[in-house]
Amino acid sequence: MNKRIVFLLLLFLAVPLYAYEKPEISMTLQECIETAKENNRDILAAKEKIIESRKGLLDAAGNFFPSLTVGGTYTRLDEEPVPMFPVPDAYTSADRYDITAGVQMPLFTGFRNTALYRSASLDVRIQEENYRMQLNKIEFEITQAFYGALLADKLVNLNKESERRLEKYLQQTRTLYENGLVSRLDLLRSEVQLSNIKPRIIESRNNLRMARASLALLMGRDDYLIVPEGELSIKYKDHRLEEYIEKMLVNRPELKILDLQETASAQTIRIARSAAFPQVTAAYNRRMDHPDGFRDSWGDSWNFMINVSLPIFRGFSTYSETARARS
């Protein structure tokens, strides 16, 4: 009686798994990996981080170039200006125009711009290694899920084969019982063995469906159930632990990321220290006005400047920022 209750309970729990039938699609392991590279959200996010870091590198490179600004204003006076002294053929107008253009170029920033550019360049390499790490991770997970689904399918077939054998065995036992060659206990034992295999079949089918759904989820195709095309096989190969450790130390993206982050940390310290250095910039400005005094023409003027600022005391900010960056 208890076994029948367990069987009905498993059957009831299995119903929701088959309530919504998703379409199935057969794929090889390599096809699953390539599909995951195109659709997996972790892979797509890693790609976007590379694009973002390259934009940051372009932004850092812009610090080395001069900046150009252009502006203009129009002013309407309430009345035309009157010269203080009589000026022959003086031109007066309530409309005033001026156009300005300026170019500013950093000459020395305490190595800040150089450190910013190197830091951005290292960030690009870090994101590229992170993308390679995600590729390795998803390839491993896809391979694991792929062969897990193949194994789940094999278990379903094995349980079905066991069921067929137990049914055949039950028929033989029933025939022997009817001819008085076995006891009723043997017949009941055969019936119990057959009833015990049915919950295992349901469980193995559910595991197979979950394995295929997990594989599809890793691939970013959770609207399908992926049916793996392949065979479970064993390949024997000689292994040398020392050789694998050496390859790991050279090729693992996680270790390369740590090295790049350590180098980038040194640039962070340089950025903090740059606040203690003098800042030198050059600027060129040009201005055009109309009217030019009391003449009906455009006036032209320009100036060139070199600005130098030297921080004398910043309230220990440079020291604290440098110490924090070093930490």
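Values below: every heavy atom of this structure, side chains too, minus hydrogens, waters and symmetry copies.
Cluster membership for L181 and L185, using ILVMFWY side-chain heavy atoms within less than 4.5 angstrom, is not shared. If you chain together hydrophobic residues whose side chains sit under 4.5 Å apart, I245 and L258 fall into the same group. Follow the hydrophobic side-chain contacts under 4.5 Å out from L151 and you reach Y147 in the same cluster. Both W302 and I306 belong to a common hydrophobic cluster when Ile, Leu, Val, Met, Phe, Trp and Tyr are linked at side-chain heavy-atom distances under 4.5 angstrom. Both F304 and V280 are assigned to one and the same hydrophobic cluster, defined by single-linkage of ILVMFWY side chains at heavy-atom distances under 4.5 Å.
Under the 3.5 Å distance criterion, the side-chain polar atoms of D153 are left unmatched by any main-chain donor or acceptor of A149. Side chain of D289 to main chain of D292: no donor-acceptor pair is present (N/O by atom type, distance under 3.5 Å, no hydrogens or angles). A distance-only check finds a donor-acceptor pair linking the side chain of N196 to the backbone of V192 [under 3.5 Å]. Judged by distance alone, with hydrogens and angles left aside, the side-chain atoms of N159 form a donor-acceptor pair with the main-chain N or O of L155 at under 3.5 Å. Between the side chain of E242 and the backbone N or O of R240, no donor-acceptor pair lies under 3.5 Å.
Between R270 and F111, the shortest heavy-atom contact is NH2-CB, 3.6 Å. The minimum heavy-atom distance linking V227 with E24 is given by the pair CG2-OE1, 3.7 Å. A152 and A211 make their closest contact through CB-CB, 4.4 Å (heavy atoms, listed as atom of the first residue, atom of the second, distance). Residues I138 and L218 share a closest heavy-atom pair of CD1-O, 3.8 Å. Pairing each heavy atom of F65 with each of M105, the nearest pair is C-SD, 3.9 Å. P106 approaches T281 most closely through the heavy-atom pair CA-CG2, 4.1 Å.
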- Message: Pair I50, R54 - check side-chain contact (heavy atoms from CB on, under 4.5 Å), show working.
- Response: CA-CA 6 Å; I50 293 177; R54 287 175 178 172; 3.6 Å; yes
- Under the side-chain contact (heavy atoms from CB on, under 4.5 Å) rule, what do R287 and D300 come out as? Steps first, then yes or no, please. CA-CA 6 Å; R287 180 186 181 96; D300 190 2; over 6 Å; no
- Kindly indicate, with the supporting measurements, whether the criterion side-chain contact (heavy atoms from CB on, under 4.5 Å) is fulfilled by V308 and Q279. CA-CA 6 Å; V308 180; Q279 308 292 313; over 6 Å; no
- Go through the steps for T114 and R118 under the test side-chain contact (heavy atoms from CB on, under 4.5 Å), then give the verdict. CA-CA 6 Å; T114 303; R118 290 178 179 174; 3.7 Å; yes
- Query: Yes or no on salt bridge (charged side-chain N to carboxylate O under 4.0 Å, His left out) for E48 and R41, after CA distance, side-chain angles and deciding distance?
  - Reply: CA-CA 10 Å; E48 290 299 325; R41 289 168 177 79; over 6 Å; no
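Salt-bridge formation is not detected for the pair E321/R273: no Lys NZ or Arg NE/NH1/NH2 atom is positioned less than 4.0 Å from an Asp or Glu carboxylate oxygen. Salt-bridge annotation for E161 and R164: present, with a side-chain N of the basic residue lying under 4.0 Å from a carboxylate O of the acidic one. Ion pair R252/E129 not flagged as a salt bridge, since none of the NZ, NE, NH1 or NH2 atoms sits closer than 4.0 Å to an Asp/Glu carboxylate oxygen. For E203 and K198, the salt-bridge test fails: no basic side-chain N is under 4.0 Å from an acidic carboxylate O.
Aromatic pair Y97/Y74: ring centres closer than 6.0 Å.
At a threshold of 4.5 Å between non-hydrogen side-chain atoms, the residues Y91 and R295 do not count as touching. Residues I269 and T322 are in side-chain contact: their nearest non-hydrogen atoms beyond the backbone lie under 4.5 Å apart. Annotation: side chain of V103 is not in contact with side chain of S67 (no heavy-atom distance under 4.5 Å). Under the 4.5 Å side-chain criterion, counting only non-hydrogen atoms from C-beta, I226 is in contact with I25. Residues N136 and P253 meet the side-chain proximity criterion, which asks for heavy atoms closer than 4.5 Å. For the pair M305/Y284, no side-chain contact is recorded, criterion being any heavy-atom separation below 4.5 Å from C-beta on. No side-chain heavy atom of S204 sits less than 4.5 Å from a side-chain heavy atom of K154. Proximity of M27 to E229: side-chain heavy atoms (C-beta onward) are nowhere separated by under 4.5 Å.
More than 12 heavy atoms of other residues, nucleotides or ligands shown are found within 6.0 angstrom of CZ on F108. Applying the 6.0 Å contact sphere to NZ of K49 captures no more than 12 heavy atoms from other residues, nucleotides or ligands. Within 6.0 Å of the CH2 atom in W298, the count of heavy atoms belonging to other residues, nucleotides or ligands exceeds 12. The environment of R125 atom CZ is sparse: at most 12 non-hydrogen atoms of other residues, nucleotides or ligands sit within 6.0 angstrom. Environment of CD in E262: sparse, with no more than 12 heavy atoms of neighbouring residues, nucleotides or ligands closer than 6.0 Å. Heavy atoms of other residues, nucleotides or ligands lying less than 6.0 angstrom from CZ of R324 number 12 at most. Counting non-hydrogen atoms of other residues, nucleotides and ligands closer than 6.0 Å to CD of E243 gives a total above 12. For K137, the NZ atom counts as loosely surrounded, since its 6.0 Å shell holds 12 or fewer non-hydrogen atoms of other residues, nucleotides or ligands.
Side chain to side chain, E34 and Q30 meet the donor-acceptor criterion of an N or O pair below 3.5 Å. Q267 and S119 share no donor-acceptor pair across their side chains, judged by distance under 3.5 Å alone. For the residue pair H290/D95, the side-chain donor-acceptor check at 3.5 Å is not satisfied.
Rounded to the nearest 0.5 angstrom, L194 CG and L166 CG are separated by 6.0 Å. To the nearest 0.5 Å, atom CG of residue D59 and atom CG of residue L116 are 9.0 Å apart. Between the CD atom of Q261 and the CG atom of L122 there is a distance of 10.5 Å, given to the nearest 0.5 Å. N39 CG to L217 CG: the interatomic distance, rounded to the nearest 0.5 Å, is 12.0 Å. We find the CD1-OH distance between I43 and Y131 to be 6.0 Å, quoted to the nearest 0.5 Å. Interatomic distance, CG of L232 versus CG of L150, reported as 5.0 Å (0.5 Å rounding).
Ring planes of F64 and Y117: perpendicular class, angle over 60° (limits at 30 and 60°).
The ring pair (Phe, Tyr, Trp, His ring centres under 6.0 Å) pairs that include a residue from residues 307-327 are F313-F316, where partners are two or more places apart or lie in different chains. For residues 174-191, the pairs satisfying side chain to side chain donor-acceptor pair (under 3.5 Å) are T173-S190, S183-D186, D186-R189, with sequence neighbours left out.
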